[in-house]
Amino acid sequence: MVRVRFAPSPTGYLHLGNARTALFNYLYAKHTGGKLILRIEDTDKERSKKEYEDMLLDDLKWLGIQWDEGVDVGGEHAPYRQSERTEIYKEYIQKLKDSGHIYKCFCTPEELEAERKKALAEGRPPRYSGKCRNLSQEEIKKLEEEGKPYVWRFRVPDGESIVFEDLIKGVVEINVNDFGDFVIVRSDGSPVYNFVVVVDDALMEITHVIRGEDHLSNTPKQILIYRALGFKEPQFAHLPIILGEDKSKLSKRHGAVSVRAFREEGYLSEAMFNGLALLGWHPKDDREVLSKEELIQEFDIKDVHNAPAVFDRAKLKWLNGVYIREKLSLEELTKRAIPFFEEAGYKGDFEYYKKVMEAIRDSIETLKDIKERAKPFFVDKFEISPEAEEVLKQEKALDVLKQLYKEIEGMESITKEEFKKITKKIQKELGVKGKALFMPIRVALTGETSGVDIAVLVETIGVDRVKERVKRVLDRLG
RNA sequence: GCCCCCGUCGUCUAGCCAGGCCUAGGACACCGGCCUUUCACGCCGGCGACACGGGUUCGAAUCCCGUCGGGGGCACCA
């Protein structure tokens with residue numbers, strides 16, 4: 001049984017890169033009939049916050065990623081929050097002490113920093129020198145009596161090459177001499193990431209560690225710990241990282257990069273799910289629009305592209321448009337749109353919103369576009385744009401409006417069909433058609449030269465508001 | 001500096017492992033046209049890439065070597 005995990009640290013919003021990692025883990029678990037475990041890595045007490053954890057969970061759920069075991073659902077390997085697993089870590093730290101895999105190091109951060117700088121300046125790799133590695137019992141005793149703080153370091157075997165097969169990268173070989181003896185326990189007694197991640201993954205019986213490529217160089221250290229503790233090593237799969245426009249690792253510098261931000265920008269979770277899946281992976285055929293079920297069906301970790309990918313905002317936007325106009329039912333789409341109507345200050349009941357959505361769904365790409373596109377359905381007193389003003393100066397523009405007003409003046413209601421008949425009639429009587437006919441009406445009704453279908457607008461806002469708007473223009477110009 | 005990963009249209013990618021089916025396929029974006037009495041949607045078409053240099057081979061985007069370029073890592077962060 002495949003068991004994978006997503007293990008974010010609650011130090012901020014859910015970043016797109018992490019979201020994709022979570023998604024690939026989810027997809028792989030579902031594809032193989034395995035389980036997804038959600039673990040919170042909050043060993044960094046400085047930066048971890050419970051609010052962030054809540055946000056993370058919320059964003060994950062919104063995206064449509066469900067986990068089988070984890071912080072809020074529990075499971076047989078609970079607890080799933082690292083800050084609650086300290087007793088467990090103590091036990092395994094003790095094992096490493098007993099087996100002699102770790103030793104006390106009394107070097108101060110200042111000493112280490114100086115050492116690092118010196119190494120860099122001399123062109124040597126900045127690694128720990130191993131100064132405290134062979135301290136005698138007396139020396140240790142003396143330093144302890146002086147009350148000097150110490151950390152525990154892992155005794156890295158000299159010259160050994162760690163080879164592992166990465167499901168995405170292939171065979172990776174790293175010589176342990178590239179890094180020095182690394183810290184396992186901080187001076188405050190808390191264990192460090194590289195150690196706890198191994199203990200947790202092993203105890204939670206994780207079979208496949210699927211994570212970002214930035215963890216690739218940590219892997220040999222972790223493998224060393226797996227071996228020291230006698231744990232079975234999982235399979236590793238390192239996902240290429242996601243880049244910004246400038247080809248550096250995607251970060252806040254590149255604008256909105258959190259799932260939350262896209263959600264607030266009016267992206268649909270289905271489109272995000274689909275779009276994220278396509279970042280570094282794609283199906284055997286040429287399909288681009290795939291449902292969650294199809295993605296689960298098709299996904300395989302082996303098909304993940306191994307080069308880093310620049311995040312394609314334009315394509316995500318297009319995809320979102322596809323979901324808005326084709327994939328969701330009008331009912332569902334309207335439900336999701338309500339907050340955006342409200343935010344824009346457009347008041348109406350559900351049925352009215354629904355009519356508006358039906359009219360504009362073909363021409364918007366995010367729900368935030370509602371503000372612009374739905375304006376004529378809600379705002380009666382609007383400014384007329386400069387280009388629109390030009391339209392009104394055209395020959396026969398006012399005649400069209402006068403004629404239209406005359407036709408609808410006595411009407412109590414109007415349908416699309418009736419409106420079309422009227423425009424037909426005006427066309428015959430005045431000899432104008434196409435833009436010359438529709439543009440003046442559009443401008444009078446919306447103040448803009450482009451927008452929704454006029455007939456639909458007319459039917460939706462009703463004849464009285466049409467009269468009012470046409471009259472306003474006529475009073476001013478005619 | 002050292003280690004690791006990567007390099008196909010502007011972008012996401014197919015093809016590479018098992019060399020010929022590739023005058024390199026799809027998608028986004030962009031440009032043009034069609035449909036439409038308006039606006040969109042849609043449809044059709046165009047532009048556009050194997051980083052470079054050596055090999056191996058009858059034949060290389062695909063295999064090998066080198067160069068260049070990009071990225072990641074080298075913490076008492078995760």
Side-chain angles (χ1 to χ4, degrees), chain A residues 7-9 11 41-44 46-48 82 105 107-109 112-113 116 119-128 149-153 166 168-170 172-175 177-180 182-188 190 192-194 196-197 212-220 238 240-241 243 245 247-249 275 278-289 305-319 321 325-326 359-364 373 420 423-424 427 432-442 446 448-457:
Chain A
S9 36
T11 53
E41 309 216 319
D42 54 354
T43 50
D44 183 348
E46 304 286 308
R47 299 192 299 153
S48 298
Q82 290 186 329
C105 168
C107 298
T108 64
L112 294 170
E113 183 54 26
R116 230 175 66 86
L120 242 21
E122 290 169 10
R124 286 179 290 116
R127 38 169 282 196
Y128 178 64
Y150 59 86
V151 300
W152 288 87
R153 280 183 188 274
D166 189 280
I168 294 167
K169 301 292 175 190
V172 178
E173 180 175 354
I174 296 173
N175 193 294
N177 280 0
D178 295 336
F179 46 84
F182 52 92
V183 174
I184 290 289
V185 184
R186 298 187 185 93
S187 51
D188 67 358
S190 65
V192 123
Y193 166 76
N194 275 130
V196 298
V197 77
E213 194 181 326
D214 41 346
H215 288 281
L216 193 58
S217 47
N218 277 326
T219 308
H238 288 94
I241 57 162
L243 273 27
E245 243 87 333
K247 310 247 175 159
S248 68
K249 193 175 177 181
L278 255 25
L279 261 186
W281 173 87
H282 97 121
K284 294 259 183 264
D285 52 38
D286 284 331
R287 279 176 297 166
E288 307 268 348
V289 182
H305 192 64
N306 57 7
V310 173
F311 174 54
D312 194 343
R313 272 171 212 278
K315 195 158 182 174
L316 214 214
K317 204 166 192 182
W318 162 78
L319 239 192
R325 78 182 86 93
E326 296 172 15
I360 68 172
R361 70 187 297 183
D362 277 352
S363 58
I364 60 175
R373 210 65 183 180
K420 278 182 185 164
T423 54
K424 245 328 186 235
Q427 180 193 332
V432 287
K433 61 172 185 175
K435 286 190 194 253
L437 170 62
F438 276 82
M439 275 303 171
I441 302 177
R442 176 178 293 287
T446 70
E448 299 291 338
T449 53
S450 72
V452 285
D453 182 277
I454 296 298
V456 171
L457 176 67

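Here is how names work: the chains are called A, B, and so on, in the same order as the sequence lines, proteins then strands, and each is numbered from 1. Every value quoted in this text rests on a predicted model; they were computed, and no experiment measured them.
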Under 4.0 Å between any heavy atoms, over every strand shown, what does [X] touch: base, sugar-phosphate, or nothing? Just pick one.
X: A:H215; answer: base
X: A:E41; answer: sugar-phosphate
X: A:K420; answer: base
X: A:G280; answer: sugar-phosphate
X: A:E173; answer: sugar-phosphate
X: A:N218; answer: base
X: A:L279; answer: sugar-phosphate
X: A:I241; answer: sugar-phosphate

Measure from the side chain of [X], starting at C-beta and using heavy atoms only, and say which of [options] lies closest.
X: A:D362; options: B:U38, B:G72, B:C41; answer: B:C41
X: A:V183; options: B:U37, B:C4, B:A75; answer: B:A75
X: A:A309; options: B:C76, B:U13, B:U38; answer: B:U13
X: A:Y193; options: B:U37, B:C2, B:A78; answer: B:A78
X: A:K424; options: B:U37, B:A40, B:C4; answer: B:U37
X: A:V192; options: B:G72, B:C39, B:A78; answer: B:A78
X: A:R325; options: B:A78, B:G42, B:U38; answer: B:G42
X: A:T423; options: B:U11, B:A78, B:U37; answer: B:U37
X: A:D214; options: B:C76, B:G72, B:C6; answer: B:G72

>> Counting C-beta onward and ignoring hydrogens, is there a side-chain heavy-atom pair between A:V197 and A:E41 closer than 4.5 Å?
In response: yes

> Is A:F182 close to A:V192 at the side-chain level, that is, under 4.5 Å between some pair of heavy atoms?
Replying inline: no

> So does A:S187 reach the base of B:C76 with its side chain, donor to acceptor, closer than 3.5 Å?
Replying inline: yes

>> Give me the distance, rounded to whole Å, that separates B:C12 from B:G7 when you measure between the P atoms they each carry.
In response: 12 Å

Polar atom pairs between nucleotides 64-70 of chain B and protein, under 3.5 Å, N or O only, would you list them?
none

>> Can you give me the closest heavy-atom contact between A:R373 and A:S363, atom names plus distance?
In response: NE-OG, 2.8 Å

So which protein N/O to nucleotides 24-28 of chain B N/O distances come out below 3.5 Å?
residue	atom	partner	partner atom	Å
B:G26	O4'	A:D286	OD2	3.4
B:G26	N2	A:E288	OE2	3.3
B:A27	O4'	A:E288	OE2	3.0
B:A27	N3	A:K315	NZ	3.1
B:C28	O2'	A:K315	N	3.3

> Want to settle it: does A:I174 or A:A7 sit nearer the 5' end of RNA chain B, counting the closest nucleotide to each?
Replying inline: A:I174

> Between A:S217 and A:P109, which is nearer to the 5' end of RNA chain B once each is assigned its nearest nucleotide?
Replying inline: A:S217

> Has A:H305 got its ring stacked on the base of B:A14, with centres under 5.5 Å and planes less than 30° apart?
Replying inline: no

